[in-house]
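Everything quoted here is computed from the prediction, not taken from an experiment.
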Amino acid sequence: MSKLSAGVLLYRARGGVVEVLIAHPGGPFWARKDDGVWSIPKGEYAHGDDPWVAAQREFSEEIGLPVPAGPRIDFGPHKQPSGKVVTAFGVHGDLDITDAHSNTFAMEWPKGSGTVREFPEVDRVGWFSVAQARTKLLKGQRVFLDRLMMHSGVAGLSEGT
């Protein structure tokens, strides 16, 4: 059975350009990587669980703030190259990310040292135009940008540069 993950792609319009909120993974492996490694705030959930409930929970864990109230778009599931199935929801809203903070995870670092350190699951978040997000996001999640831009709620708005 495939692993399941659910997330929220928060979006807003600024000056006729659609912007999305995405997250950079924390930990030493990702520290020097940028393009192609960002993600929508998301996380795993169990078969039979409600993906919308999971998406909200994971957003709050990774951003440290609740999902803003706003119109929701169900983008449906998409199988990632890893085989994981991600179900994403677009939510129209704005969010001040000044106080964003992530939960943490523990891992041995440096590997083989016997020292266990805590790292944030997400080390930074940012608002990006859809065009910028196409470069930043993991390849398998870019489909959610396409689904967002096809939605009637953003018709006529630009992806930006």
Side-chain angles (χ1 to χ4, degrees), residues 3-45 51-52 54-68 70-105 107 109 119-151 153-161:
K3 286 187 177 182
L4 301 175
S5 188
V8 172
L9 181 61
L10 188 63
Y11 70 96
R12 67 185 184 187
R14 289 276 170 105
V17 173
V18 178
E19 295 180 337
V20 293
L21 183 70
I22 57 176
H24 185 271
F29 179 75
W30 305 106
R32 292 189 172 93
K33 296 178 168 91
D34 192 55
D35 289 348
V37 302
W38 291 64
S39 175
I40 65 171
K42 63 167 187 54
E44 291 185 4
Y45 68 98
W52 172 239
Q56 293 175 90
R57 176 191 68 234
E58 294 299 328
F59 185 96
S60 293
E61 287 179 4
E62 293 192 355
I63 307 299
L65 303 164
V67 176
R72 183 177 88 205
I73 307 165
D74 184 347
F75 293 135
H78 181 73
K79 191 170 189 174
Q80 303 296 286
S82 67
K84 182 184 286 187
V85 177
V86 175
T87 299
F89 301 89
V91 174
H92 183 257
D94 203 352
L95 186 65
D96 179 356
I97 56 173
T98 304
D99 295 326
H101 61 280
S102 176
N103 57 342
T104 61
F105 67 94
M107 70 178 279
W109 190 258
F119 295 97
E121 193 170 336
V122 167
D123 62 13
R124 61 189 183 274
V125 295
W127 285 102
F128 294 92
S129 70
V130 169
Q132 292 169 317
R134 286 191 189 283
T135 301
K136 299 283 183 199
L137 269 177
L138 291 161
K139 185 177 180 180
Q141 293 181 19
R142 293 175 190 162
V143 67
F144 298 122
L145 298 174
D146 296 335
R147 292 177 185 176
L148 172 64
M149 294 309 294
M150 291 187 315
H151 191 268
V154 298
L157 296 175
S158 168
E159 288 193 14
T161 54

**Q** Between Thr87 and Gly76, is there a donor-acceptor pair closer than 3.5 Å when you use the side chain of the first and the backbone of the second?
**A** no
**Q** If every non-hydrogen atom of Val17 is compared with every non-hydrogen atom of Gly160, which pair is closest and at what distance?
**A** CG1-CA, 3.6 Å
**Q** Please report the shortest heavy-atom distance between Val122 and Ala23, naming the atom on each side.
**A**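 So the two residues come closest at CG1-CB, 3.6 Å.
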**Q** So, for Ser129 and Glu159, which heavy atoms are closest and what is the spacing to 0.1 Å?
**A**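 Looks like CB-O, 3.3 Å.
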**Q** Kindly compute the distance separating NZ (Lys42) from CD (Glu62), expressed to the nearest 0.5 Å.
**A** 7.0 Å
**Q** With under 30° as parallel and over 60° as perpendicular, where do the rings of Phe105 and Phe119 fit, or are they tilted in between?
**A**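 Ring orientation of Phe105 relative to Phe119: tilted.
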**Q** Of all the heavy-atom pairs spanning Ser39 and Gln141, show the shortest one and how long it is.
**A**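 That would be OG-NE2, 3.0 Å.
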**Q** Does this structure show an ion pair linking Arg12 with Glu19, if we count only N-O contacts that are shorter than 4.0 Å?
**A**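 Salt bridge: yes.
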**Q** Any chance you could measure Ile22, atom CD1, to Trp38, atom CH2, to the nearest 0.5 Å?
**A** 6.0 Å
**Q** In plain terms, say whether Asp74 and Arg147 are close enough for a salt bridge, that is, a side-chain N and a carboxylate O under 4.0 Å apart.
**A** no
**Q** With side chain to side chain contact (heavy atoms under 4.5 Å, CB included) as the test, pick out the partner of Tyr11 among Ile73, Leu21, Val91.
**A** Ile73
**Q** Nearest heavy-atom pair of Leu137 and Arg142: which atoms, and what distance?
**A**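 In this case the closest contact between Leu137 and Arg142 is O-NH2, 3.0 Å.
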**Q** Work out which heavy atom in Ser60 is nearest to a heavy atom in Val67; give both atom names and the distance.
**A**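 Scanning both residues, the minimum pair turns out to be OG-N, 4.4 Å.
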**Q** Nearest 0.5 Å, what's the CD1-NE2 distance between Ile63 and His101?
**A**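 Going from CD1 on Ile63 over to NE2 on His101, the span is 10.5 Å.
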